[in-house]
2 protein chains.
Amino acid sequence: MSSSPGIGGASLLGSLETCRGDPADVKEGTGHVHGKRRLIELTEQLRAKSRKVTGPRQKILDVLRTNRHPATIREVFAQMPRGDCDLVTVYRSMHLLEGMGMVKRFDFGDGAARFELVNGRDGGHHHHLICTSCDRIVELEDCFAQEMEEAVAARNGFKSVTHKLEFFGVCPKCQTGHRV
Amino acid sequence: MSSSPGIGGASLLGSLETCRGDPADVKEGTGHVHGKRRLIELTEQLRAKSRKVTGPRQKILDVLRTNRHPATIREVFAQMPRGDCDLVTVYRSMHLLEGMGMVKRFDFGDGAARFELVNGRDGGHHHHLICTSCDRIVELEDCFAQEMEEAVAARNGFKSVTHKLEFFGVCPKCQTGHRV
DNA sequence: TTGTTTTTGCAAGTCATTTGCAACTAGAGT
DNA sequence: ACTCTAGTTGCAAATGACTTGCAAAAACAA
């Protein structure tokens with residue numbers, strides 16, 4: 001990383017370790033850790049699987065952490081201070097994180113894959129409702145296809161069955177004709 | 001189409017019109033027309049919307065007609081006698097057919113869109129179960145997500161909600177270790 | 001048959017994503 | 001703290017799905 005020698009792990013993690021008291025760290029009820037402390041957890045996951053905790057990876061995780069909806073590679077890249085890392089590195093890191101189960105890939109059919117940080121051990125499995133007019137994304141809580149999945153698996157003798165389910169429609173705002 | 005001047009509409013349709021008695025023409029119970037007669041119906045749909053019935057389009061429809069599973073553009077192209085038409089024409093025709101509602105697009109997450117002929121007026125809405133090991137595709141009858149779709153639409157105030165749902169898993173044959 | 005409009009082939013372009021490779025660095029070992 | 005090495009990164013170039021521009025060719029109506 002010759003172009004940005006200052007982005008070492010120390011600079012980012014160092015400041016993080018002083019943030020234990022971040023009021024947003026724990027979202028009550030969910031048990032999920034948020035805020036910057038979350039980032040420390042994430043980098044620990046990397047270390048735990050003996051992957052190196054590099055500047056680009058921390059930045060990418062930090063961007064993912066602050067995104068409420070699945071983001072494309074380009075969106076993640078755009079949200080990093082310019083010069084932080086190469087676009088290719090985002091692709092490679094995302095692939096790594098996906099393989100580690102730290103992020104989940106979604107496909108909304110617009111040609112670019114989207115990624116979202118996985119929460120909790122169950123992976124926080126859920127689906128999305130996407131406005132076909134303004135691209136607004138609504139995160140749907142929980143999954144209603146579990147039974148279906150089991151039925152389909154059993155009926156066809158398949159194992160390790162998973163599913164991909166997304167909904168598309170026109171959101172309330174776009175129904176009024178006000179393109180947002 | 002300088003390279004294949006002999007592929008006129010007459011050559012294909014002509015032979016079709018003599019095939020009314022094709023034993024596979026009507027699949028009992030379903031009311032769907034199959035066999036070559038189906039192709040005549042399809043070309044009529046083109047004419048009805050004043051799109052030209054060309055050689056390439058007939059060939060493409062004929063390939064789609066014989067495919068049991070959604071096929072990629074390349075697969076459709078590969079199934080046409082060489083020189084029948086350009087790959088680009090398959091892309092363009094598929095886009096046209098999709099716009100007309102004659103074919104439906106699916107995405108199994110492998111980078112290439114897949115297309116399947118639509119049957120009946122309801123569109124024969126259904127889903128697929130794909131083996132992640134050997135790519136085998138199982139067509140699942142009916143759709144189990146209709147209620148969900150309505151609930152999601154109502155709860156979020158969306159209109160014209162549709163959904164995309166596919167299942168992925170390991171098929172019986174691949175579970176035994178025999179890669180097929 | 002002619003005329004108009006649509007369609008096609010070919011070449012080139014776009015865009016997401018991947019890959020080759022040399023330079024670089026995080027973290028382990030010393 | 002210093003070295004070593006495997007894992008990472010940047011850059012450039014490649015890949016692959018899909019699209020677009022344009023002139024030649026074909027469908028079909030008059």
Side-chain angles (χ1 to χ4, degrees), chain A residues 1-14 43-44 46-60 71-78 80 82-100 105-115, chain B residues 1-13 43-44 46-61 71-78 80 82-100 105-115:
Chain A
M1 220 172 3
S2 56
S3 60
S4 56
I7 314 238
S11 65
L12 189 50
L13 267 187
T43 57
E44 283 316 315
L46 278 177
R47 248 187 275 276
K49 298 205 180 178
S50 48
R51 318 311 308 243
K52 294 181 179 173
V53 177
T54 67
R57 284 176 185 175
Q58 288 177 77
K59 290 280 182 180
I60 291 166
T72 63
I73 295 284
R74 290 205 101 82
E75 283 166 356
V76 170
F77 181 63
M80 303 199 296
R82 190 165 194 164
D84 267 7
C85 82
D86 195 270
L87 179 62
V88 176
T89 299
V90 185
Y91 274 101
R92 281 194 273 227
S93 299
M94 211 62 87
H95 185 259
L96 171 81
L97 295 171
E98 189 189 5
M100 291 177 62
R105 174 192 299 255
F106 292 96
D107 180 3
F108 293 173
D110 60 350
R114 285 164 191 273
F115 301 87
Chain B
M1 218 170 7
S2 56
S3 58
S4 56
I7 313 235
S11 64
L12 189 50
L13 266 187
T43 57
E44 284 315 316
L46 278 177
R47 248 188 276 275
K49 299 205 178 179
S50 47
R51 317 312 307 243
K52 293 182 177 172
V53 177
T54 67
R57 284 176 186 174
Q58 288 177 77
K59 288 281 182 181
I60 290 166
L61 284 170
T72 63
I73 294 285
R74 289 206 102 81
E75 283 166 357
V76 170
F77 181 63
M80 302 198 297
R82 189 166 192 160
D84 267 6
C85 82
D86 195 89
L87 180 61
V88 177
T89 298
V90 184
Y91 274 103
R92 280 195 273 228
S93 298
M94 210 63 86
H95 185 258
L96 171 82
L97 295 171
E98 188 189 6
M100 290 176 64
R105 174 194 300 257
F106 292 96
D107 180 4
F108 293 173
D110 60 351
R114 286 164 190 273
F115 301 87

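Per chain, numbering begins at 1; letters A, B, ... match sequence-line order. Note that the coordinates shown come from a computational prediction; the quantities given were computed from them, not determined experimentally.
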remark   = Assert: residue with more 5' nearest nucleotide on DNA chain C, out of B/T89 and B/K52, is B/K52
Can you name the closest pair of heavy atoms from [X] and [Y] and give their distance?
| X | Y | value |
| --- | --- | --- |
| A/A71 | A/V76 | CB-CG2, 3.9 Å |
| A/L97 | A/I60 | CD1-CG2, 4.4 Å |
| A/L87 | A/I73 | CD1-CG2, 3.8 Å |
| A/F77 | A/V90 | CD1-CG2, 3.9 Å |
| A/T89 | A/P56 | CG2-CB, 3.9 Å |
| A/D110 | A/D107 | N-OD1, 4.3 Å |

Measure [atom1]/[X] against [atom2]/[N] and give the value in whole Å, please.
| X | N | atom1 | atom2 | answer |
| --- | --- | --- | --- | --- |
| B/I60 | C/dT7 | CD1 | C1' | 11 Å |
| A/L46 | C/dG27 | CG | P | 9 Å |
| B/L96 | D/dA27 | CG | P | 16 Å |
| B/R82 | C/dG9 | CZ | C1' | 15 Å |
| A/F108 | C/dA16 | CZ | C1' | 17 Å |
| B/D86 | D/dA25 | CG | P | 15 Å |
| A/K59 | D/dT8 | NZ | C1' | 18 Å |

May I ask you to verify if any side-chain N or O of [X] is less than 4.0 angstrom from the OP1 or OP2 atom of [N]?
| X | N | result |
| --- | --- | --- |
| B/R57 | C/dT6 | no |
| A/R51 | D/dG7 | no |
| A/T54 | D/dT9 | yes |
| A/R47 | C/dG27 | yes |

request  = Answer yes or no: is there a donor N or O on one side and an acceptor on the other, between the side chain of B/R57 and the main chain of B/K52, under 3.5 Å?
outcome  = yes
message = Counting primed atoms plus P, OP1 and OP2 as sugar-phosphate and everything else as base, spell out the protein contacts along nucleotides 14-24 of chain D at 4.0 Å heavy-atom distance: B, S or - for each nucleotide, 5' to 3'.
response = ---SBBBB---
